[in-house]
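Side-chain atoms are counted along with the backbone in the values below, which use heavy atoms only and exclude waters and symmetry mates. Proteins get letters first, then strands, A, B, ... in listed order; numbering begins at 1 in each.
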Amino acid sequence: MVNFSQKLLKWYNINQRNLPWRATDNAYKIWLSEIILQQTRVQQGMPYYERFISEFHTIYDLAQASEDEVLKLWEGLGYYSRARNMHFTARYIVTELGGNFPDNYSDLLQLKGVGNYTAAAIASFAFKEPVAAVDGNVYRVLSRIFGIKDDISTNQAKKIFQSLANELIPDKNPDVFNQAMMDFGSMVCKPKQPLCQECFIQEECFAYRNNEIQNLPVKSKKVKVKKRFFHFLLLEDVKKNIIIEQRSSDDIWKNLYQFPIIETDNEAMETTIQSQFEEIFYNQKLIDFQELTDYSIKHQLTHQQLHIRFFKSQINHRAANAIVPEDVQKYAFPVPLKKFLEKYYHQS
DNA sequence: CTCCGGGGCG
DNA sequence: CGCCCCGGAG
């Protein structure tokens, strides 16, 4: 086991992934990539990274953008607070730090949207600080190889893994070690069906020797999923313009856009929805109110199961806050609404 | 269809 | 510690 780090580096030397943000030591680009990759697979994050970099070459460009622009570019990636925090932090660094990116672990940790993992990743990749970047891959790799059964959702376990990783990380090329751990975790020591047969540490791996691969890492989590019932109204005025609004409350999809909405606690009848919409638009007659039954969907979030239905109607005058349908592409919508729009305007 | 994986915030 | 999102695997 003493040779684990050396074997890992040898493996990495041959098998490393070629990722665009690894070809740079530009802290801004590394930070951007790490924020995008939080809770996100490389495959999905890659095109977003390319678009953000080409749209915002420097942190000044990102700081100058509006939040709406940033959210629009982030559209579809999920966990939108990452985008809001990233934008906030860009402005903070430009206005408060004179555009100088923090250059060490503890200063990086102060930034909004930057936690333990991301601070370590930036510190080691951009500034070669020997601090271990412990992400989900690393928990998995270390728990299996060393047989650590502490529940990784607890703070105590996180400290144990962090300090073990900090013992393993070499002073020389700590960035390479961190990359290697994560590549190994995602390519070989995978959550499901890990490639133990081609693993360099197989014979010494606790989980493999004890047939505990499926049991490690130990992770307790009991999320209770709440059901919510969303009813969106595609309301066209006489100009065929539609009404959208920005979500602002402290809820999912904050600051993204949507259609007028009625939310209920349970499955609701169409007539109930109609009368509730009529209350919202109390001074206007809703013409030809009907449900677009083909568009109903269930959308799963971590803690919520959304039952989404769509309705359409018209009003016989011109609405002040309506937009032309072609302009929906300027606004950031949650994925289910984005899919609705694509389907609706594609075929009608 | 359901479930799982992946960091940080308030 | 509850909550934030989506795509892909099963």
Next on the checklist: Between A/E75 and A/F333 (side chain of the first, backbone of the second, donor and acceptor by atom type, cut-off under 3.5 Å), is there such a pair?
Outcome noted: yes

Checklist entry - Which nucleotide in the set C/dC6, B/dG5, C/dC4 lies at the smallest distance from any side-chain heavy atom of A/R140? => result B/dG5

Item to check | Between B/dG6 (C1') and A/M182 (CE): distance, integer Å | outcome: 13 Å

Checklist entry - Is the phosphate of C/dC6, meaning OP1 or OP2, less than 4.0 Å from a side-chain N or O of A/Y80? => result yes

Next on the checklist: By nearest atom, which of the nucleotides B/dG5, C/dC6, B/dG7 is closest to the A/Q39 side chain?
Outcome noted: B/dG7

Item to check | Interatomic distance where CG belongs to A/D250 and C1' belongs to C/dC4 [whole Å] | outcome: 11 Å

Next on the checklist: Tell me whether A/N13 contacts the main-chain N or O of A/L9 through its side chain, where contact means a donor paired with an acceptor under 3.5 Å.
Outcome noted: no

Checklist entry - Would the A/F101 and A/Y28 ring centres measure less than 6.0 Å apart? => result no

Checklist entry - Between A/Y80 and A/K254, is there a cation-pi geometry (under 6.0 Å to ring centre, at most 45° from the normal)? => result no

Checklist entry - Within the structure, does a side-chain N or O atom of A/K190 lie under 4.0 Å from either OP1 or OP2 of B/dC4? => result no

Between the protein and nucleotides 8-10 of chain B, which nitrogen or oxygen pairs are less than 3.5 angstrom apart?
residue, atom, partner, partner atom, Å
B/dG8, OP1, A/G115, N, 2.8
B/dG8, OP1, A/T118, N, 2.9
B/dG8, OP1, A/T118, OG1, 2.2
B/dG8, OP2, A/N116, N, 3.3
B/dG8, OP2, A/Y117, N, 3.0
B/dG8, O5', A/G115, N, 3.4
B/dC9, OP1, A/G113, N, 2.4
B/dC9, OP1, A/V114, N, 3.3

Checklist entry - Considering only side-chain heavy atoms of A/W253, which listed nucleotide, C/dC4, B/dG5, C/dC6, is closest? => result C/dC6

Next on the checklist: Looking at A/H57, I'd like to know if its NE2 atom is crowded, meaning that more than 12 non-hydrogen atoms belonging to other residues, nucleotides or ligands lie closer than 6.0 Å.
Outcome noted: no

Next on the checklist: Measuring to OP1 and OP2 of B/dT2, would you say a side-chain N or O of A/Q300 lies under 4.0 angstrom away?
Outcome noted: no

Item to check | Interatomic distance where CE belongs to A/M46 and C1' belongs to C/dG7 [whole Å] | outcome: 16 Å

Next on the checklist: One thing to verify: whether A/D171 and A/K128 come together as a salt bridge, which I'm taking to mean a side-chain N less than 4.0 angstrom from a carboxylate O.
Outcome noted: no

Next on the checklist: Of the options C/dC6, B/dG6, B/dG5, whose atoms approach the side-chain atoms of A/Y79 most closely?
Outcome noted: B/dG6

Checklist entry - Toward the 5' end of DNA chain C, which comes first, A/L301 or A/T154, by nearest nucleotide? => result A/T154

Item to check | Nucleotide C/dC4, atom P - distance to CG of A/L256 in whole Å | outcome: 14 Å

Checklist entry - Salt bridge or not for A/R22 and A/D183, using N-O below 4.0 Å? => result yes

Checklist entry - Nearest of B/dG5, B/dG6, B/dG7 to any side-chain atom of A/R41? => result B/dG5

Checklist entry - Among the nucleotides C/dG7, C/dC3, B/dG6, which one has an atom lying closest to any side-chain atom of A/N137? => result B/dG6

Next on the checklist: Using a 6.0 Å cut-off, check whether atom CD of A/Q43 has over 12 heavy atoms from anything other than its own residue.
Outcome noted: no

Checklist outcome for this item: When rounded to whole Å, the CE to P distance for the pair A/M187 and B/dG5 reads 20 Å

Item to check | Most 5' of A/Q304 and A/Q44 on DNA chain C, judged by nearest nucleotide | outcome: A/Q304

Item to check | Whole angstrom value for the distance that separates P of C/dG7 from NE2 of A/H299 | outcome: 7 Å

Item to check | Separation of C/dC1 C1' from A/K224 NZ (nearest whole Å) | outcome: 12 Å

Item to check | Distance below 4.0 Å between A/Q193 side-chain N/O and C/dG10 OP1 or OP2 | outcome: yes

